[in-house]
Amino acid sequence: MSATLLQDLKARGLIAQMTSEDELEQHLANGNVTLYCGFDPTADSLHLGHLVPLLVLTRFQDEGHKPIALVGGATGLIGDPSFKAAERQLNTPDIVSGWVEKIRSQVSQFLKFEGVENPAIVANNLDWTGDMNVLDFLRNIGKHFSVNAMINKESVQQRLNRDGAGISFTEFSYALLQGMDFAELNRRHGCTLQIGGSDQWGNIVGGIDLSRRQNGAQVFGLTVPLITKADGTKFGKTEAGAVWLDPAKTSPYNFFQFWMNTADADVYKFLNYFTFLPAEQIQQIEREDAEREGRPQAQAILAEEVTRLVHGEAGLTAAKRITEALFSGDTSSLSEQDYEQLALDGLPSSALSGADLAETPLTTLLSDAGLAPGGKQVKDALQRNAVLVNGQAYGVDDNMRAAEIFTQTQAKYQKYFLVKLGKKKHHLFTL
RNA sequence: GGUGAGGUUCCCGAGUGGCCAAAGGGAUCAGACUGUAAAUCUGACGCGCGAGCUUCGGUGGUUCGAAUCCACCCCUCACCA
């Protein structure tokens, strides 16, 4: 049973590295194991990059293993230098502890705590590092780490070699803290496996060594690959920044749209990474898409599956409602209630203040609304007839005519204006 | 503490007295072509509808004129102590 889990992960391309495959396979087959994955509070929400290891935890739990989500209340105060180009700015303890709570609850929504034989645990490494004494740390932990080995790690090499960069002792010590976590979880909960992103390999290995030296325990590590896109650009970023799991930071609609825009070259890989659809079914989808003309179905399936996973059925429904209304090109069928709902569902919207419309150019109006980062981009769009208000195109000449455009008689239901800039950016104005 | 090298518009990186809102590349945005994809081509890319306004670590100074010269300061890195 457990052996098939590793095989499935492998088939999905979810394994970047692992410690001795045969022994790990054997270990998993021998019974249910306790495993952990750490999430550092580097912001007030997790983002897409965290989703893959988080879902792998879920995959393990579904197979009967016991997952521990470790929130890095301590490590978050230090900052992981692994493969980071520059030293990080330290955050204050207040901020970090606030983030810890948010991350804790986010992580929790993907794991089962009740009604199963292997309930998940959420831990915080501040619990065992917060009160630690410096001398204890240096004697009991530091003694087990070789600076030679640490310096030779690939994850810090580029920092050491790079001109204009460097690494502080603080960040250099990060690996020790993470190593301590593994050893501690091994003692407390019998945790024998750590998973993480492939950038965590060095840190994980450090923890394996420490567990062996301190506890005489054999423990294992497994990393998931770094998610890359076929075109070489960074995954998980949009023009608005990172794609967050928190619906208050990235609305379910935007989240859904992010996945809809996945390139063909990536979409099947992402189906394997981000959904629980069986690998065979994904191959089936790929075969069907190859045979059909035009638009593949994979993006829609991916968007649906992941949105449901992160935002639930209600979030998915809302996202699809907006998507259908905006991209069908036919908004005439929208009822007054539909318009009200769109704003609630996460379509960006704002109220027109009316008073200064005569004075305000469209460029200002639309860039303030968030349709573009500056007036220049709006102007560019106007020049190309790429600005539509309730389906009507406007040009540069109309820039100063906001008062004539946004009148009550031209509004849908005397209240609503659906503004579109370019092909994908929508905004709802209300009178 | 000493010595050396640096800090340029989102990033990388040119620019060493006027021709500089500042080369080039990347990222990003828009248009064409498409399928809300990729690739390609076109345009935009400090702010401003515009006249114009504000930038090149900071503060002062030299000059008709400074990202460029001078002084002091701040910060980063490397090597040495």
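Per chain, numbering begins at 1; letters A, B, ... match sequence-line order. Just so it is clear, the model here is predicted, and its values are computed rather than measured.
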Query raised in the report: Does NZ belonging to K249(A) count more than 12 external heavy atoms closer than 6.0 Å?
Result: yes

Under 3.5 Å, which donor-acceptor pairs do the side chains of residues 303-316 of chain A form with other protein atoms, sequence neighbours left out?
unit_1: E304(A); atom_1: OE2; unit_2: K320(A); atom_2: NZ; d: 3.1
unit_1: T307(A); atom_1: OG1; unit_2: A303(A); atom_2: O; d: 2.5
unit_1: R308(A); atom_1: NE; unit_2: E313(A); atom_2: OE1; d: 2.9

Requested in this report: Give none if C72(B) has no partner; otherwise give the nucleotide forming a Watson-Crick or G-U wobble pair with it, both distances under 3.5 Å.
Outcome: G58(B)

Query raised in the report: Do we see a donor-acceptor contact under 3.5 Å between the side chains of Q299(A) and T262(A)?
Result: no

Requested in this report: Taking atom P in both A44(B) and A66(B), compute the distance separating them and give it to the nearest angstrom.
Outcome: 29 Å

Requested in this report: Check the distance between C29(B)'s C1' and K420(A)'s NZ and give it to me in whole angstrom.
Outcome: 16 Å

Query raised in the report: Does anything in residues 260-276 of chain A reach RNA chain B, meaning a heavy atom under 4.0 Å, and if so which residues?
Result: M260(A), N261(A), T262(A), A263(A), D264(A)

**Report entry** Between C72(B) and A21(B) - C1' atom distance, rounded Å
**Finding:** 29 Å

Report summary line: So CG of N148(A) and NZ of K153(A): to nearest 0.5 Å the spacing works out to 12.0 Å

Report summary line: The answer to which of K229(A) and V396(A) contacts RNA chain B further toward the 5' end, by nearest nucleotide, is K229(A)

Report task. Hunt down the Watson-Crick or G-U wobble partner of C45(B), both distances under 3.5 Å, from any strand shown, or write none. Result -> none

Query raised in the report: Tell me: CD1 of I301(A) to P of A37(B), nearest whole Å?
Result: 18 Å

Query raised in the report: Q257(A) near the nucleic acid: base, sugar-phosphate alone, or nothing, with a heavy-atom cut-off under 4.0 Å?
Result: base

**Report entry** Gap between atoms CG and P, on L357(A) and C49(B) respectively (whole Å)
**Finding:** 15 Å

Requested in this report: Choose from U34(B), U42(B), A37(B) the nucleotide whose nearest atom is closest to any side-chain atom of R384(A).
Outcome: U42(B)

**Report entry** C1' spacing across the pair U54(B) / G48(B), given as an integer number of angstrom
**Finding:** 11 Å

Query raised in the report: Which whole-number value in Å describes the distance from K425(A) NZ to G31(B) C1'?
Result: 13 Å

Requested in this report: Considering only atom P, compute the distance from G26(B) to A39(B) and round it to an integer number of Å.
Outcome: 12 Å

Requested in this report: Could you label the plane-to-plane angle of the W259(A) and F255(A) rings as parallel, tilted or perpendicular, counting under 30° as parallel and over 60° as perpendicular?
Outcome: perpendicular

Query raised in the report: Touch check for L382(A), heavy atoms < 4.0 angstrom, all strands: base, sugar-phosphate only, or nothing?
Result: nothing

Report task. Mind running a 4.0 Å heavy-atom check of residues 289-300 of chain A against RNA chain B and sending the residues that fall below it, in number order? Result -> R295(A), P296(A), Q299(A)

Requested in this report: Provide the distance between the two P atoms, one in A23(B) and one in C11(B), to the nearest whole Å.
Outcome: 15 Å

Requested in this report: Just call it for A386(A): base, sugar-phosphate, or nothing, with non-hydrogen atoms closer than 4.0 Å on any strand.
Outcome: sugar-phosphate

**Report entry** Over 12 foreign heavy atoms within 6.0 Å of CG, N133(A)
**Finding:** yes

Query - Residues K376(A) and D380(A) bridged, charged N to O under 4.0 Å - result: no

Indicate every side-chain donor-acceptor pair of residues 175-183 of chain A with a distance under 3.5 Å to a residue at least two apart or in another chain.
unit_1: Q178(A); atom_1: OE1; unit_2: N203(A); atom_2: ND2; d: 3.2
unit_1: Q178(A); atom_1: NE2; unit_2: Q194(A); atom_2: OE1; d: 3.0
unit_1: Q178(A); atom_1: NE2; unit_2: Q200(A); atom_2: OE1; d: 3.1
unit_1: D181(A); atom_1: OD1; unit_2: W128(A); atom_2: NE1; d: 2.9
unit_1: D181(A); atom_1: OD2; unit_2: N125(A); atom_2: ND2; d: 2.8

Query raised in the report: Considering only G50(B), A44(B), U36(B), which nucleotide approaches the side chain of F327(A) most closely?
Result: U36(B)

Query raised in the report: Roughly how far apart are L352(A) CG and L357(A) CG, rounded to 0.5 Å?
Result: 5.5 Å

Query raised in the report: How long is the line joining CD1 of I405(A) and C1' of C49(B), in whole Å?
Result: 13 Å

Query - K10(A) atom NZ: more than 12 heavy-atom contacts under 6.0 Å - result: no

Query raised in the report: What is the pairing partner of C20(B), taking Watson-Crick or G-U wobble pairs with both distances under 3.5 Å in any strand?
Result: none

Query raised in the report: Considering residues, nucleotides and ligands other than R139(A), do more than 12 of their heavy atoms fall under 6.0 Å from its CZ?
Result: no

Query raised in the report: What integer distance in Å separates L421(A):CG from U36(B):C1'?
Result: 15 Å

Pull out every protein N or O sitting under 3.5 Å from an N or O of nucleotides 45-48 of chain B, one pair per line with the distance.
unit_1: G48(B); atom_1: OP2; unit_2: G375(A); atom_2: N; d: 3.3
unit_1: G48(B); atom_1: N7; unit_2: K376(A); atom_2: NZ; d: 2.9

Query raised in the report: Taking the same atom, P, in G13(B) and in A32(B), what whole-Å distance lies between them?
Result: 36 Å

Query raised in the report: If we take the P atom in both G25(B) and G46(B), what is their distance in whole Å?
Result: 15 Å

Query - C47(B) versus U55(B) - spacing of their C1' atoms, nearest Å - result: 10 Å

**Report entry** Most 5' of N399(A) and F256(A) on RNA chain B, judged by nearest nucleotide
**Finding:** F256(A)

Requested in this report: Report the base-pairing partner of U3(B) (Watson-Crick or G-U wobble, both distances below 3.5 angstrom), or none.
Outcome: A78(B)

I'd like a table of donor-acceptor pairs (distance under 3.5 Å, sequence neighbours excluded) in which one partner is a side-chain atom from residues 273-280 of chain A, with atom names and distances.
unit_1: T275(A); atom_1: OG1; unit_2: L271(A); atom_2: O; d: 2.5
unit_1: T275(A); atom_1: OG1; unit_2: L277(A); atom_2: N; d: 3.3

Query - Residues D345(A), R321(A); criterion salt bridge (Lys or Arg N to Asp or Glu O under 4.0 Å); working and verdict - result: CA-CA 8 Å; D345(A) 284 349; R321(A) 179 165 44 228; 2.7 Å; yes

**Report entry** Counterpart base for A27(B), defined by Watson-Crick or G-U wobble contacts under 3.5 Å
**Finding:** none

**Report entry** Separation of G50(B) P from L362(A) CG (nearest whole Å)
**Finding:** 13 Å

Query - Whole-Å gap separating C1' (A37(B)) and CZ (F258(A)) - result: 13 Å

Report summary line: Under a 3.5 Å limit on both distances, the Watson-Crick or wobble mate of A39(B) is none

Query raised in the report: Should D8(A) and R59(A) count as an ion pair when the cut-off is N to O under 4.0 Å?
Result: no

